[in-house]
Every structure is written in structure tokens, then in C-alpha cells.
Asker: 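I'd like to ask you about the structure that follows.
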Number of protein chains: 2
Amino acid sequence: MEDRIQKIKDQMKKSSYKLTSQREATVRVLLENEADHLSAEDVYLKIKEKSPEIGLATVYRTLELLTEINIVDKISFGDGVQRFDLRKEGANHFHHHLVCIKCGSVDEIEEDLLPEVERKVETKYDFQIHDHRLTFHGICKKCKEDDQQ
Amino acid sequence: MEDRIQKIKDQMKKSSYKLTSQREATVRVLLENEADHLSAEDVYLKIKEKSPEIGLATVYRTLELLTEINIVDKISFGDGVQRFDLRKEGANHFHHHLVCIKCGSVDEIEEDLLPEVERKVETKYDFQIHDHRLTFHGICKKCKEDDQQ
DNA sequence: CTCCCTGCAAAGCTTTTGCAGCCTA
DNA sequence: TAGGCTGCAAAAGCTTTGCAGGGAG
């Protein structure tokens, strides 16, 4: 935990951003809720529990900044809210998502399923891929089991 | 063109929605701009050229309705605006997108690149896939060529 | 001392909703 | 004539911006 924070701090410093307490608090909330896909407001509320004086605008600005230096990825699941996802340590691609259309849960697939597909796209469509967004919509394991009862 | 409109009309009728002139105008704009990825406002402005009395709210309601009966797919490329894409005739999946991070252009890949990946996800993660969203971010052919000069 | 950063409030956008009137079946 | 549909305007989010104050280097 602490070493991941340290790495992120280093990366921010390298990009010549200051390591303010508000920014560190934001990073901590993201780390503590890595499995979730928090919106800016979610992050704001969680930070507020410990640091009530923080402003929502600062959270937005920090998340934007973290996106810019590739520490988090922005994603939207179509509910009109941007969500922020920590990039996995050492990951060189944005992980995939499974969105359940029944219960709304969002799971992650960290394994990169796309290298072959990407090779194909790069040659066939002459497009140099930097990143991807892959989301499956369907019925999750739990809802499938509930249905069968 | 006319026969595709007819098919869409049939589908709306089948879902017991009325075929008002405003709805037909919306469908026509989508068909005439199939290569683009229009936002609700884009559609609204294009309809207004021919039918100035239409309201923006109606456009939103119509697009929502068309999404519901699977005539269009909603997608967001992260600029905070929902865009609407006609589902290709006979397509049983939502086509993929190539978003250029330099010029902002959005191209489509109609070929379904994911069947193998989906089979893997369904068995390995026990998730029943209904649909997908796949977008690649990178440098398009044109920008790549421009760079090399 | 300078410049970056922050909090607050206001503004900006996109999208949704309430409502009265209209049209059609 | 009942119900769905529409236009307008207002409301409701989410996100960004302006600004003055504050703090770190």
C-alpha cells in the first residue's frame, strides 16, 4: 500500500506536480476502493469523511491531473457519470469490464484479451493503437444463478 | 434508403409506438448521417433545417425510444456527450470504433472481432454476454502519414 | 516573492421533467 | 374522446471556471 502511494507520488513529482495533502488523500481513496469504480462525487464524499474541508472542484482537478499522467483511467458506463479507475500496477493496458444489466454490478478482467485483435486492427485498418476500452454488457454469474431458482 | 425506413417504421409499430413525423424525421437524419456519430443536439440541428418547429426534448425522447427498441446504440467517447449510432442492418453486435487522439476522427469497424474473446469470457468468467463496447484510441492512418512528412 | 494550489460560488452544458395543448385512432 | 405525443420552459444533474486567499519552495 505505502509503496504504491510512494510510486504514485514519485510519478507526480516527475511530472512536476506538487504533492499536496488533498492530492494524496485522493490517491488514498482510490487505492482503498480499487475494486469499485468511483465517480468524482463518490471520491469527494469519501475524502470528506477524513478531511471535511476539501472542495469538490479540487477533487475534479486532481482526478483530471491523475488521468493526464496515466495513473487513473476515465470511463463511463452510460449512466452519465464519469468514473475513475486506478491503472493496475505494471499494466500496460486498460483492463476490461463486465457490466451486469440486471443488478448493475461492474467486475473487472485484468487479463489482456485483445493483443491478437489489436494486431489485426493495426495491420488491416492501418491504425496505431495506444489504448482501448472494452466493456461487455450482460448477465453476471450471480444474477444467472438467481434466475434459475 | 426508403426500404430501411420502412423496416424501422415496422419495428416501431411492432413495439406499439406511433410513427409521427418528428420520429420519422429523426430516423431520416440518422440514416443520412450514418457515418457520423451525432449527439442529440447534432440531430436536433439537422432536423431543424427542414422542420424548424421541432423541440429538442422530442429529439431526446425519440432517440431514447429508438435505443430501447435496438434501432440505435448509445455511445460516449468521453467528451461528456452521448452519441447515437444506427445499428447496421442485420448486425447482431454493436460495431467497434477507432478514435484518433490527434484529429478526433471516429471510424467504424463493422466486422465482429470479438466472437472468440467472448466465448472465452463466457466460460472463464461465467458471464452471459448480451452486447459489447469496443473502442480503440490511437493514431489514425491520415495523422500517421501527416506525421511522417 | 512567486507561482501553484485550493475552496467557494457561480456559470456552463447536457439531459430530463412537468404541463398544457394537440392530434389521431 | 382518451391516450399518446409534442413544444416550451423550467429543473436537474454533472463538470468547469473565475477569483481571491493561502502556502510551499
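Keep in mind that what you see is a predicted model, and the values were worked out from it rather than measured. Chain identifiers are assigned alphabetically (A, B, ...) following the order of the sequence lines, protein sequences preceding nucleic acid strands; residue numbering begins at 1 within each chain.
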Asker: Report yes if at least one side-chain N or O of B:Tyr60 is closer than 4.0 Å to OP1 or OP2 of C:dT16; otherwise report no.
Answerer: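 Checking B:Tyr60 against C:dT16: no side-chain N or O falls below 4.0 Å of OP1 or OP2.
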Asker: Starting at CG of A:Leu19 and ending at P of D:dG23, how long is that distance when rounded to a whole Å?
Answerer: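 After rounding, the gap between these two atoms is 18 Å.
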Asker: In whole Å, what is the span from the CD atom of B:Glu53 to the P atom of D:dC5?
Answerer: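 To the nearest whole Å, that distance equals 18 Å.
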Asker: With sugar-phosphate meaning primed atoms plus P, OP1 and OP2, does B:Arg61 contact a base, only sugar-phosphate, or nothing at under 4.0 Å between heavy atoms?
Answerer: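 Base: the residue B:Arg61, judged by heavy atoms under 4.0 Å, touches a nucleobase.
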Asker: With hydrophobic residues grouped by side-chain heavy-atom distances under 4.5 Å, do A:Ile5 and A:Phe84 end up in a single group?
Answerer: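 In one cluster with A:Ile5: A:Phe84, yes.
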Asker: B:Tyr17 pairs by side chain to side chain donor-acceptor pair (under 3.5 Å) with which of B:Lys9, B:Arg23, B:Glu68?
Answerer: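 Of B:Lys9, B:Arg23, B:Glu68, side chain to side chain donor-acceptor pair (under 3.5 Å) with B:Tyr17 is met by B:Glu68 alone.
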Asker: Are A:Leu30 and A:Leu66 packed together at the side-chain level, in the sense that at least one heavy-atom pair is separated by less than 4.5 angstrom?
Answerer: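 A side-chain contact under 4.5 Å exists here.
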Asker: I want to confirm an ordering. Mapping B:Lys18 and B:Phe84 to their closest nucleotides on DNA chain C, which one lands closer to the 5' end?
Answerer: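 Counting from the 5' end, the first nearest nucleotide belongs to B:Phe84.
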Asker: Is the backbone of A:Leu113 close enough, under 3.5 Å, to the side chain of A:His96 for a donor and an acceptor to pair up by distance?
Answerer: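 Such a contact is found between A:His96 side chain and A:Leu113 backbone.
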Asker: From the list D:dG7, C:dT14, C:dT6, which nucleotide is the closest neighbour of the side chain of A:Thr58?
Answerer: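 The listed nucleotide nearest to A:Thr58's side chain is C:dT6.
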Asker: Check the distance between D:dG4's P and B:Met12's CE and give it to me in whole angstrom.
Answerer: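 Value for this atom pair: 15 Å.
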Asker: Return yes when atom NZ of B:Lys13 has more than 12 non-hydrogen atoms of other residues, nucleotides or ligands closer than 6.0 Å, and no otherwise.
Answerer: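 Counting neighbours around NZ of B:Lys13, 12 or fewer heavy atoms of other residues, nucleotides or ligands fall under 6.0 Å, so no.
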Asker: How close or far is atom P of C:dC5 from atom CD of A:Glu68, stated in whole angstroms?
Answerer: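 Taking atom P of C:dC5 as the reference, CD of A:Glu68 is at 11 Å.
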Asker: Which nucleotide in the set C:dC5, D:dA9, C:dC8 lies at the smallest distance from any side-chain heavy atom of B:Ala57?
Answerer: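 Selected nucleotide (nearest to the side chain): D:dA9.
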Asker: Tell me: CZ of A:Arg83 to P of D:dC14, nearest whole Å?
Answerer: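 It is 10 Å, rounded to the nearest whole Å.
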Asker: In whole Å, I'd like the distance from the NZ atom of A:Lys13 to the P atom of C:dC4.
Answerer: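 Result: 17 Å.
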Asker: Round to the nearest Å and state the distance from B:Arg23 atom CZ to D:dT6 atom C1'.
Answerer: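 These atoms are roughly 9 Å apart.
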Asker: Starting at CD of B:Glu41 and ending at C1' of C:dT14, how long is that distance when rounded to a whole Å?
Answerer: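 The distance from CD of B:Glu41 to C1' of C:dT14 comes to 8 Å, rounded to the nearest Å.
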Asker: Starting from the 5' end of DNA chain D, give me the residue, A:Ser39 or B:Thr20, whose nearest nucleotide shows up first.
Answerer: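 The residue closer to the strand's 5' end, by nearest nucleotide, is B:Thr20.
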